[in-house]
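Comments concern the structure below.
What you see is a predicted model; the values in this text were computed from it and never measured.
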Amino acid sequence: MYFILLRQMQKSTETKFRGLGGCAVELHTYAWGNDSSITIRDTQRGDSVVLDGISSQYLCGGILNYVRSAGYREESAEQRQFLEKLSTELGTVLKRWESKKAEAEAEATEATK
């Protein structure tokens with residue numbers, strides 16, 4: 001129901017949900033397209049709002065803006081821990097991609113011999 005409502009909204013319409021401190025936020029991107037989704041789930045009742053069909057480019061932009069804004073807040077242990085975890089995860093993903101790239105290049109080199 002919320003998805004249909006959001007899809008039909010005008011750009012100037014804004015719907016606010018308050019009291020979401022006990023909600024989990026899930027970000028999803030799909031390998032087969034350029035779409036992403038955001039799910040906000042009430043951890044006690046299980047109700048959720050799903051925003052589907054968001055451009056992955058805009059989702060990534062939102063994540064970058066969140067990270068940038070974290071740098072302008074007063075330093076807190078929680079924010080620092082989040083940024084350190086994020087840095088570690090980014091390093092892991094980039095290493096995996098570099099490994100796959102190197103494997104593909106090696107296979108291409110072998111194929112041309």
Notebook entry, point to check: Taking only residues two or more places apart in sequence or in another chain, which ones pass salt bridge (charged side-chain N to carboxylate O under 4.0 Å, His left out) with Glu110?
Noted result: Lys113
Note to self: Running the 4.5 Å side-chain criterion over Ile, Leu, Val, Met, Phe, Trp and Tyr, what cluster does Val93 land in, apart from itself?
What the structure shows: Leu94, Trp97
Margin query: Ser76: which residues meet the side chain to side chain contact (heavy atoms under 4.5 Å, CB included) condition with it, sequence neighbours left out?
Written below: Glu78, Gln79
Margin query: Donor-acceptor check, side chain of Thr92 to backbone of Thr88, threshold 3.5 angstrom: yes or no?
Written below: yes
Check: salt bridge (charged side-chain N to carboxylate O under 4.0 Å, His left out) with Lys95: which residues, sequence neighbours excluded?
Finding: none
Next item on the list: Go through the structure and list residues passing salt bridge (charged side-chain N to carboxylate O under 4.0 Å, His left out) with Asp42, not counting sequence neighbours.
Entry: none
With a 3.5 Å cut-off and sequence neighbours excluded, list the donor-acceptor pairs that the side chains of residues 18-28 form with protein atoms.
from  : atom 1 : to    : atom 2 : distance (Å)
Glu26 : OE1    : His28 : NE2    : 3.4
Glu26 : OE1    : Arg41 : NH2    : 3.1
Glu26 : OE2    : Arg41 : NE     : 3.4
Glu26 : OE2    : Arg41 : NH2    : 3.4

Margin query: Just to verify, what does Asp35 make a side chain to side chain donor-acceptor pair (under 3.5 Å) with, not counting sequence neighbours?
Written below: none
Item checked: Lys100: partners by side chain to side chain contact (heavy atoms under 4.5 Å, CB included), with sequence neighbours left out -> Arg96
Note to self: Measuring from atom OG of Ser37 to atom CG of Leu51, what distance do you get when rounded to the nearest 0.5 angstrom?
What the structure shows: 8.5 Å
Anything under 3.5 Å between a donor and an acceptor, one on a side chain of residues 56-66, the other on a protein residue two or more places apart or in another chain? List them.
from  : atom 1 : to    : atom 2 : distance (Å)
Ser56 : OG     : Thr29 : OG1    : 3.3
Ser56 : OG     : Asn34 : O      : 3.2
Ser56 : OG     : Ser36 : OG     : 2.7
Asn65 : OD1    : Arg68 : NH1    : 2.9
Asn65 : ND2    : Gly61 : O      : 3.3

Next item on the list: Using the salt bridge (Lys or Arg N to Asp or Glu O under 4.0 Å) rule, collect all pairs that involve residues 82-94, keeping only residues at least two apart or in two chains.
Entry: Arg80-Glu84
